[in-house]
Amino acid sequence: METKISVLLSQEEVEKRIVSMAEQINQDYQGKQIHLIGILKGSVFIVCELAKYLTVPVTMDFMSVSSYGDGTESSGRVKIAKDLDEGIEGRDVLVVEDIIDSGRTLTYLMKVLLARNPASLKLCTLLDKPDRRVPEADVTVDYVGFAIPDQFVVGYGLDYAQKYRNLPYIGVVEE
């Protein structure tokens with residue numbers, strides 16, 4: 001069966017919003033150095049694009065955290081497959097995610113990172129699905145690109161069974 005994908009957010013819309021988020025982050029972190037933590041694999045596109053527009057000093061690291069596997073529904077089990085290469089104690093940390101859905105993964109991850117004593121810890125996501133948030137998820141999103149409806153999306157780093165990450169737009173999977 002062929003997968004049909006319709007455009008939800010164009011490449012131009014996504015890039016314009018990332019620039020806008022970078023401007024806000026630059027204001028909020030003026031005079032500080034920011035340590036970006038990208039959540040693999042989906043955030044790679046957003047981290048790279050966002051970093052291009054940050055004018056404050058930037059360092060970065062990556063983690064691999066998942067609760068999906070190859071499906072379209074969160075399994076509810078969070079797994080850290082790759083931890084940070086550097087410590088974050090005393091650093092101003094900004095976690096960059098591609099999408100926040102149920103909130104389980106980020107609730108878990110933010111608690112893990114907070115226990116490592118950063119100077120500050122904030123969260124940035126390109127896409128947020130607030131309608132999918134589960135009651136036990138306690139996650140505050142500081143920078144949101146777009147709030148989107150409850151649809152399965154791909155592109156700009158987001159995948160469906162490891163496919164479609166390279167699409168330059170956000171698309172909705174229609175099977």
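None of the values given here were measured: they were computed from a predicted structure.
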Looking only at heavy atoms, which two atoms of Ser120 and Asp92 are closest? And how far apart? OG-OD1, 2.6 Å
Less than 4.5 Å apart, any side-chain heavy atom of Ile39 and any of Val96? no
Quick one: are Leu36 and Thr59 in side-chain contact, heavy atoms under 4.5 Å? no
Starting at OG1 of Thr125, measure out to CG of Asp98 and round the result to the nearest 0.5 Å. 6.5 Å
Can you get from Met110 to Val134 by hopping between Ile, Leu, Val, Met, Phe, Trp and Tyr side chains that sit under 4.5 Å apart? no
Are any of the side-chain heavy atoms of Ile100 and Val141 separated by less than 4.5 Å? yes
Does any part of the side chain of Leu8, heavy atoms only, come nearer than 4.5 Å to the side chain of Tyr169, both counted from C-beta? no
Please indicate whether Lys82 has more than 12 foreign heavy atoms, meaning atoms of other residues, nucleotides or ligands, lying under 6.0 Å from its NZ. yes
All heavy atoms of Ser102 vs all of Ala137, minimum pair found to be O-CB, 3.4 Å
Do Glu97 and Cys124 come close enough that some side-chain heavy atom pair is under 4.5 Å? no
Backbone of Gln33 reached by a side-chain donor or acceptor of Arg91 within 3.5 Å: no
Is there side-chain contact between Ile99 and Leu126, with heavy atoms separated by less than 4.5 Å? no
In Å, rounded to the nearest 0.5 Å, how long is the span from CD of Glu49 to OH of Tyr156? 4.0 Å
Could you check whether any side-chain N or O of Asp61 sits under 3.5 Å from a backbone N or O of Asp85, counting only pairs where one atom can act as donor and the other as acceptor? yes
Would Thr140 and Leu123 count as a side chain to side chain contact (heavy atoms under 4.5 Å, CB included) here? Give the steps. CA-CA 7 Å; Thr140 300; Leu123 177 58; over 6 Å; no
Would a hydrophobic clustering, with Ile, Leu, Val, Met, Phe, Trp and Tyr connected at side-chain separations under 4.5 Å, put Val19 with Leu54? no
Tell me yes or no: between the side chains of Gln24 and Asp28, is some donor less than 3.5 Å from an acceptor? yes
At what distance, to the nearest 0.5 angstrom, does OG of Ser64 lie from NZ of Lys79? 7.5 Å
Measure the shortest side-chain to side-chain distance between Leu127 and Leu158 over non-hydrogen atoms and say whether it is less than 4.5 angstrom. yes
Gln27 versus Glu23, side-chain donor and acceptor atoms under 3.5 Å: no
Is there a chain of hydrophobic side chains (I, L, V, M, F, W, Y, each step under 4.5 Å between heavy atoms) that links Val58 to Tyr53? no
Applying salt bridge (Lys or Arg N to Asp or Glu O under 4.0 Å) to Glu136 and Arg104, what does each step give before you reach the verdict? CA-CA 8 Å; Glu136 64 271 19; Arg104 284 186 189 104; 3.4 Å; yes
Residue from Asp138, Asp101, Asp128 passing side-chain hydrogen bond (donor to acceptor under 3.5 Å, both in side chains) with Arg133: Asp128
Under a 4.5 Å cut-off applied to non-hydrogen side-chain atoms, are Arg116 and Leu113 in contact? yes
Testing the basics here: between Ile5 and Gly171, what is the closest heavy-atom pair and its distance to 0.1 Å? CG2-CA, 3.7 Å
Using the rule that two of Ile, Leu, Val, Met, Phe, Trp, Tyr join whenever any of their side-chain heavy atoms come within less than 4.5 Å, decide whether Met63 and Leu114 are in one cluster. yes
Which value, rounded to the nearest 0.5 Å, describes the distance between Lys122 atom NZ and Ile37 atom CD1? 15.0 Å
Specify whether Tyr29 and Tyr143 have parallel, tilted or perpendicular ring planes, treating 30° as the upper limit for parallel and 60° as the lower limit for perpendicular. tilted
Say whether, by atom type as modelled, one donor and one acceptor occur between the side chain of Lys129 and the main chain of Gln151 under 3.5 angstrom. yes
Rounded to the nearest 0.5 Å, what separates atom CD1 in Ile148 from atom CZ in Arg132? 10.5 Å
Residues Lys16 and Glu13 bridged, charged N to O under 4.0 Å: no
Which heavy atom of Arg165 sits nearest a heavy atom of Gly157, and at what distance? NH1-O, 2.7 Å
Which atom names give the shortest non-hydrogen contact between Ala119 and Gly90, and what distance separates them? CB-O, 3.4 Å
In Å, rounded to the nearest 0.5 Å, how long is the span from CG of Leu9 to CD1 of Ile170? 6.0 Å
Taking the ring centre of each residue, are Phe152 and Tyr160 less than 6.0 Å apart? yes
Search all heavy atoms of Gly145 against all heavy atoms of Met21 and return the closest pair with its distance. N-SD, 3.4 Å
